[in-house]
Amino acid sequence: MDTRGNTDPAEARDVAAFLAMLRELKERRGLTYRQLEQRAAEQGEVLARSTLADVLSGRRLPRPEVLSVFVRACGESSDRATAWLDARADVAARSRTAKTEPAPAGSDATESTPLQTAVAPEDAAVRPRDTRRAPLLIASAIVLVLTAAAATAWMATSGNRPADNPPPGSPPSDAASPSGPPSRNAAIPGGWIRIRPAGAPTLCVTDGRVQDGRYNSLVAVQRPCGGVAPQRTELEPVGTDTYRIAWVHPEHGKGCLKALSGGTADGLLEPWESCAQASSFRVEPDPGSGPGSGPSGSTRQANGGKPARYIFRTDGEQCLGVRDARTTTGAEVTLQRCTGRENQSFLIDPAP
């Protein structure tokens with residue numbers, strides 16, 4: 001305990017102790033589940049009573065965004081909320097090291113199985129897409145002048161199926177491969193799409209330069225949607241509700257976003273030619289986006305015809321988000337700790 005009588009989450013050494021501190025925080029504030037749900041709603045956030053009850057009575061760590069909303073609903077300050085998130089990250093790291101944390105059971109409120117996340121640029125085996133423009137220009141020209149017979153011959157001798165490396169500008173295909181592709185969530189649009197930050201819906205996630213010049217290659221930023229063409233975006237399914245973010249450009253070819261780690265590039269998303277080595281993201285409905293965010297049925301129709309909001313998650317700790325919650329053109333979209341804030345919520349709708 002600290003001198004103000006508040007629980008010090010940094011003292012938690014394991015999951016059980018951390019959850020006990022959360023229950024203690026709720027009891028000390030004297031708030032019911034219904035009152036916590038209402039207080040979160042007053043702050044423009046969602047904290048379902050059933051979710052909170054599952055968290056406090058369970059044996060798994062709450063997801064960072066659920067924890068953040070809960071402690072703020074309990075009256076904790078932003079600094080205190082950060083302290084809770086830091087403590088949660090420490091407990092999760094110790095639990096994984098000791099291999100004592102129970103395996104996830106698919107709950108939306110608890111930590112999920114880690115996916116492929118980030119790689120340091122100096123350790124990557126494939127160069128970024130924008131550093132190999134000359135070879136790609138040559139390849140693009142060849143594709144444009146090939147006859148149908150030659151294209152067929154190329155596909156027959158290629159080590160990859162055509163859908164993995166389509167000719168620049170060709171539409172994405174959901175056709176089944178010989179081994180069968182991973183299934184796509186029917187609520188998530190297929191084909192060419194737009195990914196737009198919920199906090200700046202006139203902007204789209206596309207390529208650009210880091211504003212402060214600390215990194216030279218093209219990375220993911222938010223720019224006006226009208227200036228994205230001729231580049232196009234698609235979500236490639238790689239598992240259940242799991243996708244790669246792919247960009248296709250008629251000159252630069254295809255690249256899939258890789259989350260970088262370490263040094264000045266930490267958290268940046270860079271397009272890489274080798275999509276097999278790119279980062280995978282679990283695309284989940286944002287629980288705070290209203291009635292249209294449910295995982296089943298037509299999300300757009302259930303949300304009054306508006307695009308639904310989604311969270312792009314790499315593991316129980318990290319989500320995609322706009323840097324510093326900026327709404328200005330050119331702000332980077334980075335991999336950051338999940339908080340449940342609006343800057344980590346994105347709209348997905350078909351490209352016009």
Side-chain angles (χ1 to χ4, degrees), residues 128-133 136-137 139-140 143-144 163 165-174 184 188-213 215-237 243-260 267-273 275 278-279 281 283 286 300 306-312 319-335 342-352:
R129 180 185 62 170
D130 63 323
T131 62
R132 58 181 301 278
R133 292 182 180 179
L136 280 171
L137 283 171
S140 299
V143 170
L144 291 175
N165 193 12
S170 62
S173 172
D174 291 330
R184 174 186 293 274
I188 298 178
W192 301 126
I193 63 165
R194 299 186 303 177
I195 301 176
R196 296 180 291 141
T202 62
L203 306 179
C204 283
V205 177
T206 186
D207 61 356
R209 301 290 179 181
V210 178
Q211 290 181 318
D212 60 11
Y215 194 67
N216 294 326
S217 297
L218 291 173
V219 296
V221 303
Q222 59 182 17
R223 291 197 287 112
C225 295
V228 172
Q231 180 166 280
R232 298 184 177 184
T233 301
E234 64 172 315
L235 291 177
E236 292 188 342
Y243 303 83
R244 287 189 289 258
I245 301 175
W247 290 341
V248 179
H249 194 283
E251 293 183 357
H252 306 161
K254 180 178 179 179
C256 296
L257 294 187
K258 168 79 77 175
L260 306 178
L268 295 176
L269 302 171
E270 187 174 49
W272 289 84
E273 177 193 1
C275 287
S279 299
F281 301 95
V283 181
D286 182 352
R300 174 180 286 269
K306 298 179 181 179
R309 295 186 179 188
Y310 292 91
I311 296 171
F312 288 78
C319 296
L320 293 190
V322 179
R323 181 185 177 192
D324 299 330
R326 298 177 185 176
T327 58
T328 54
T329 296
E332 300 100 47
V333 176
T334 64
L335 192 64
E342 187 179 46
N343 70 306
Q344 296 181 350
S345 183
F346 294 87
L347 307 171
I348 303 176
D349 58 336

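Bear in mind that the values here come from a model prediction, so they are computed numbers and not experimental data.
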In Val333, Leu335, Val283, the residue satisfying side chain to side chain contact (heavy atoms under 4.5 Å, CB included) with Phe312 is Val283

Can you list the steps and then say if Glu332 with Arg209 is a salt bridge (charged side-chain N to carboxylate O under 4.0 Å, His left out)? CA-CA 8 Å; Glu332 300 100 47; Arg209 301 290 179 181; over 6 Å; no

Before giving the answer on side chain to side chain contact (heavy atoms under 4.5 Å, CB included), spell out for Ile195 and Thr233 the whole-Å C-alpha distance, their side-chain angles and the decisive distance to 0.1 Å. CA-CA 8 Å; Ile195 301 176; Thr233 301; 4.2 Å; yes

Smallest heavy-atom separation, Trp247 atom then Val205 atom, equals NE1-O, 4.2 Å

Is any side-chain heavy atom of Ile193 closer than 4.5 Å to a side-chain heavy atom of Pro350? no

Run the numbers on Val219 and Asp207 for side chain to side chain contact (heavy atoms under 4.5 Å, CB included), then give the verdict. CA-CA 5 Å; Val219 296; Asp207 61 356; over 6 Å; no

Using modelled atom types and a 3.5 Å cut-off, is there a donor and acceptor pairing between side-chain atoms of Ser279 and backbone atoms of Ala259? yes

Nearest heavy atoms of Cys256 and Ala278, plus distance in Å: CB-CB, 3.4 Å

Salt bridge between Glu234 and Arg244, side-chain N to carboxylate O under 4.0 Å? no

Side-chain contact test, heavy atoms from C-beta onward, threshold under 4.5 Å: evaluate it for Leu203 versus Val221 and give yes or no. no

Would you compute the distance between atom CG of Asp286 and atom CZ of Phe346 and round it to the nearest 0.5 angstrom? 10.5 Å

Distance (rounded to the nearest 0.5 Å) between Cys225 SG and Arg194 CZ: 5.0 Å

One should read off an interatomic distance between Leu260 CG and Thr334 OG1, to the nearest 0.5 angstrom, of 11.0 Å

Full working for side chain to side chain contact (heavy atoms under 4.5 Å, CB included) between Arg232 and Trp192: CA-CA 6 Å; Arg232 298 184 177 184; Trp192 301 126; 2.8 Å; yes

Take Leu320 and Ile245, measure what side chain to side chain contact (heavy atoms under 4.5 Å, CB included) needs, and give me the verdict at the end. CA-CA 12 Å; Leu320 293 190; Ile245 301 175; 4.0 Å; yes

Provide the closest heavy-atom pair for Thr327 versus Gly199 in the form atom of the first, atom of the second, distance. CG2-O, 3.5 Å

Atom CG of Leu347 and atom OH of Tyr310: how far apart are they, to the nearest 0.5 Å? 10.0 Å

Quick check against the 3.5 Å criterion: does Asn343 have a side-chain atom that pairs as donor or acceptor with the backbone of Val322? yes

Side-chain donor-acceptor pair under 3.5 Å between Gln222 and Arg323, yes or no? no

Quick check against the 3.5 Å criterion: does Gln211 have a side-chain atom that pairs as donor or acceptor with the backbone of Thr329? yes

Do His249 and Pro230 have side chains that approach each other closer than 4.5 Å (heavy atoms only, starting at C-beta)? yes

Rounded distance [0.5 Å steps], CD in Glu270 versus OG in Ser217: 4.5 Å

Polar side chain donor-acceptor pair, Thr206 to Gln231, under 3.5 angstrom: yes

salt_bridge(Glu342, Arg309) N-O dist < 4.0 Å: yes

